[in-house]
Amino acid sequence: MSTAQQIEEAIRGLEKTERDKLLEHLPQLFPELAGDAEWERILRDDQPRQSFSAVIDSYEARLSAKPDAYPKVAESDFN
């Protein structure tokens with residue numbers, strides 16, 4: 001068994017509160033997950049995602065057909 005597998009098993013064995021604590025510290029353990037470089041990689045990824053695209057296309061079609069069926073979002077909604 002590899003070290004990575006052992007770590008995975010150990011994490012899976014933790015109680016939820018301990019996993020939550022670990023989750024808070026992941027950016028410190030893996031700074032590449034919290035940095036701009038990771039977001040840049042995600043934004044530049046041009047690999048097709050058919051399932052996700054289908055969901056977005058379906059939503060856009062419903063929105064076009066009945067724009068008033070969805071609530072308007074304002075910047076103040078995020079405060």
Nearest-0.5 Å distance that lies between atom OG1 in Thr3 and atom CD1 in Ile7 = 6.5 Å
With a cutoff of under 4.5 Å between side-chain heavy atoms, which Ile, Leu, Val, Met, Phe, Trp and Tyr residues group with Leu63?
-> Tyr59, Tyr70
Between CG of Leu23 and NZ of Lys16, what distance do you get to the nearest 0.5 Å?
-> 8.5 Å
Residue Glu15 excluded, over 12 heavy atoms near CD under 6.0 Å = no
Flag the pair Glu18 and Lys21 as a salt bridge only when some basic side-chain nitrogen lies within less than 4.0 angstrom of an acidic carboxylate oxygen.
-> yes
What heavy-atom pair brings Asp77 and Lys72 nearest, and what distance separates the two atoms?
-> OD2-O, 3.9 Å
Within-4.5 Å side-chain heavy-atom neighbours: Glu8 and Arg12 | yes
For Glu60, does its backbone N or O pair with a side-chain atom of Ser64 as donor and acceptor, under 3.5 Å?
-> yes
